[in-house]
Amino acid sequence: MIIFRKAAALFTYLKEQRENGLISGFVPTMGALHDGHLSLIDAAKKGNLFVVCSIFVNPAQFNNKDDFATYPVTIEHDIELLEGSGCDVLFLPGAEEIYPKTYDAPYYDLGLLEYLLEGAHRPGHFQGVCRVVDRLLDIVRPDALYIGQKDYQQCLVIKKLLRITDRQITTHVIPTKRDPSGLALSSRNLRLNNEQKNRASVMSQVLQFFKKNLYTTPLPQLLTVATERLESAGFIVDYVAVVNAQTLQPATDINEPLVALIAATLDGVRLIDNEVLNSPSKHL
Ligand code: AMP
């Protein structure tokens, strides 16, 4: 695996690869890699001749300074995992490579998507996500992009970004990898001990509870029970929502494509998870 720290050098190298006909898949990450990230690399390996991964903890998408300061960094281990996964290129830029002095942040018109759910609780977050993804795509110019369903709203935002910026890149949304308890793998889980991880698994149990009871119990009742279960496990809940899977607007009919989404904080660690509840082909 070749490691690039400079955008210009990576750009030149990848341009040559493209000219030699190599089709590339790209996996952007913020590091502290786990099996969820590796499943994206795996999918990219299967679909492309050449795989590029980036690790960059993007300050622009953190609305909370403490969250940025405590975000886990495990670069040496990440490099080992990527070497073992067959990744061809790692882009490991410093902030000045992504946001040089001349960088002028564009505004991305994401519509309501920007302000719902994660957007409501993390103001500016999705503009920050668009900035980094836009910059990375400009540098890497991949044929295909691999992103995780774990960040459901982010997937919708990135798809919208590709439309706004008129990029012809195939997007592959990869299912969420979980540990045996059901807890969605996340870099932030590194900040939880085993007892906390046990309690955190309530999040995925609540999502399964929605799926099981969607057609037999009124939605408001499901939402109340779900919130209570999360709170009794020690979570401070930002939102528990069952919404239209494409627009993220409140559900009006249980027969429309629906997704359940949760964001909640356990002992200072904010976690998110989601589950599509019906007609999966009409979702992401
Ligand atoms: P992050 O490093 O958290 O920014 O994530 C980088 C990419 O990995 C994003 O597309 C995430 O949605 C994806 N990802 C994170 N956690 C998981 C998981 N448990 N399963 C599958 N993909 C994931």
Side-chain angles (χ1 to χ4, degrees), residues 25-47 51-64 67-68 70-75 77-79 81-82 85 87 90-93 95 98 117-118 122 125-137 140 142 144-162 169-192 197 200-201 203-204 207 259 261-263 269-276 280 283-284:
F26 179 41
V27 180
T29 81
M30 296 206 298
L33 300 183
H34 49 66
D35 278 353
H37 297 112
L38 295 184
S39 68
L40 271 58
I41 302 270
D42 230 40
K45 284 285 299 173
K46 289 194 177 109
V51 175
V52 181
C53 174
S54 65
I55 296 180
F56 178 62
V57 185
N58 172 35
Q61 73 187 69
F62 285 82
N63 56 311
N64 176 329
D67 191 22
F68 178 60
T70 57
Y71 198 83
V73 176
T74 59
I75 289 296
H77 186 238
D78 292 351
I79 291 173
L81 288 177
L82 288 174
S85 73
C87 178
L90 168 61
F91 183 35
L92 197 54
I98 301 297
L117 302 170
E118 280 300 278
R122 303 184 69 187
H125 171 64
F126 288 124
Q127 287 295 320
V129 168
C130 286
R131 278 182 213 164
V132 75
V133 174
D134 199 11
R135 279 289 293 139
L136 288 169
L137 292 179
V140 177
L145 179 65
Y146 293 78
I147 53 181
Q149 189 200 317
K150 156 86 170 31
D151 297 278
Y152 192 97
Q153 190 171 2
Q154 175 170 282
C155 291
L156 292 173
V157 163
I158 290 175
K159 286 187 169 201
K160 182 133 193 181
L161 171 72
L162 296 183
I169 298 174
T170 316
T171 315
H172 298 270
V173 177
I174 307 303
T176 304
K177 271 264 182 190
R178 300 175 179 281
D179 77 8
S181 75
L183 176 65
L185 300 186
S186 162
S187 305
R188 288 189 166 89
N189 294 357
L190 285 175
R191 295 176 53 207
L192 300 173
K197 279 190 200 163
S201 66
M203 207 177 234
S204 67
L207 291 167
V259 60
L261 300 117
I262 300 176
V269 181
R270 188 172 185 277
L271 302 175
I272 59 172
D273 198 358
N274 68 82
E275 183 73 37
V276 298
H283 294 75
L284 283 168

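As the structure lists them, so they are numbered: ligands from 1, and atoms in each ligand from 1. Computed from heavy atoms alone, side chains included, the values below leave out hydrogens, waters and symmetry copies.
Here the straight-line distance linking atom CD1 of Ile262 with atom CG of Asp273 works out to 6.5 Å at 0.5 Å rounding. Atom-to-atom distance recorded for Asp78:CG and Cys87:SG is 11.0 Å, nearest 0.5 angstrom.
Taking a heavy-atom cut-off of under 4.0 Å, ligand 1 is surrounded by Pro28, Thr29, Met30, His34, Gly36, His37, Leu40, Tyr71, Ile147, Gly148, Lys150, Asp151, Pro175, Thr176, Lys177, Leu185.
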Inset, instruction - Go through the steps for Leu136 and Ile98 under the test side chain to side chain contact (heavy atoms under 4.5 Å, CB included), then give the verdict. - result: CA-CA 8 Å; Leu136 288 169; Ile98 301 297; 3.8 Å; yes
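Heavy atoms from other residues, nucleotides or ligands lying under 6.0 Å from NZ of Lys45 number more than 12.
Considering only residues two or more places apart in sequence or on other chains, Arg191 meets the salt bridge (Lys or Arg N to Asp or Glu O under 4.0 Å) condition with none of them.
Classification of the Tyr146-His172 ring pair by plane angle, with boundaries at 30° and 60°, yields parallel.
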